[in-house]
Amino acid sequence: MNSKGQFLLYDILLAVFILFIVLIAVCSVPGQQDDYGIDYSEPGDTLNLLASMKVHDEVLLFALSEDDNDAASMVDGLIDGGYTLKDLTLNRTLSTRRVSSYHDVISARRVVEGHEYELSFYV
């Protein structure tokens with residue numbers, strides 16, 4: 001301001017510059033949040049893949065229900081991380097790999113050859 005209390009051009013520019021900095025700061029803070037998200041379709045997609053695969057001319061999941069060791073090793077090799085695969089019709093856990101710590105459990109179900117299977121991921 002000058003001696004008469006009037007705004008000058010540099011006062012307006014300074015105010016616009018400060019407002020611009022505040023606006024940038026407010027917009028950038030929410031953009032720095034963690035991009036961690038859970039893919040809820042992953043267990044369903046994996047279960048569909050397992051249902052489409054065959055071992056010894058049988059569906060992989062059905063072979064696993066009949067205690068086929070080749071099917072168990074294929075399932076264990078295909079799935080990364082912690083999981084549990086259950087045959088709900090027989091009320092049995094077919095394959096599992098536990099993890100020491102996890103935040104959420106996501107799961108999917110599918111019926112294959114009269115058996116209902118559930119795949120749970122620990123994330």
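On a predicted model such as this, the values are computed, not experimentally measured, just so you know.
No side-chain donor-acceptor contact under 3.5 Å links T84 to the backbone of S95. At distances below 3.5 Å, at least one donor-acceptor pair connects side-chain atoms of R97 with backbone N or O atoms of G81. Put simply, the side chain of T89 gets close to the backbone of E116: a donor and an acceptor are under 3.5 Å apart. With R92 contributing its side chain and S65 its backbone, the two residues share a donor-acceptor pair below 3.5 Å. Between the R109 side chain and the L88 main chain, no donor and acceptor come within less than 3.5 Å of each other.
In this structure, CG on N69 lies 8.0 Å from CG on D67, to the nearest 0.5 angstrom. The CD1 atom of I18 sits 11.0 Å away from atom CG of L13, with the distance rounded to the nearest 0.5 Å. The distance from the CG atom of L14 to the CG atom of L19 is 11.0 Å, given to the nearest 0.5 Å.
There is no path of hydrophobic side-chain contacts, each under 4.5 Å, that joins L64 to V111. Connection of Y122 to L47 is not established within any shared hydrophobic cluster, with ILVMFWY side chains joined at heavy-atom distances below 4.5 Å, either directly or through further cluster members. No continuous path of hydrophobic side-chain contacts links V99 to I79 [ILVMFWY only; heavy atoms under 4.5 Å].
Closest of all the heavy-atom pairs between V105 and S120 is CG1-CB, 4.0 Å. For the pair Y83 and D76, the tightest heavy-atom approach, listed with the atom from each and the gap, is OH-OD1, 3.1 Å.
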Extract all donor-acceptor atom pairs below 3.5 Å that involve side chains of residues 50-63 and protein atoms in other chains or at least two apart in sequence.
unit_1: S52; atom_1: OG; unit_2: N48; atom_2: O; d: 3.4
unit_1: S52; atom_1: OG; unit_2: L49; atom_2: O; d: 2.8
unit_1: H56; atom_1: NE2; unit_2: D70; atom_2: OD2; d: 2.8

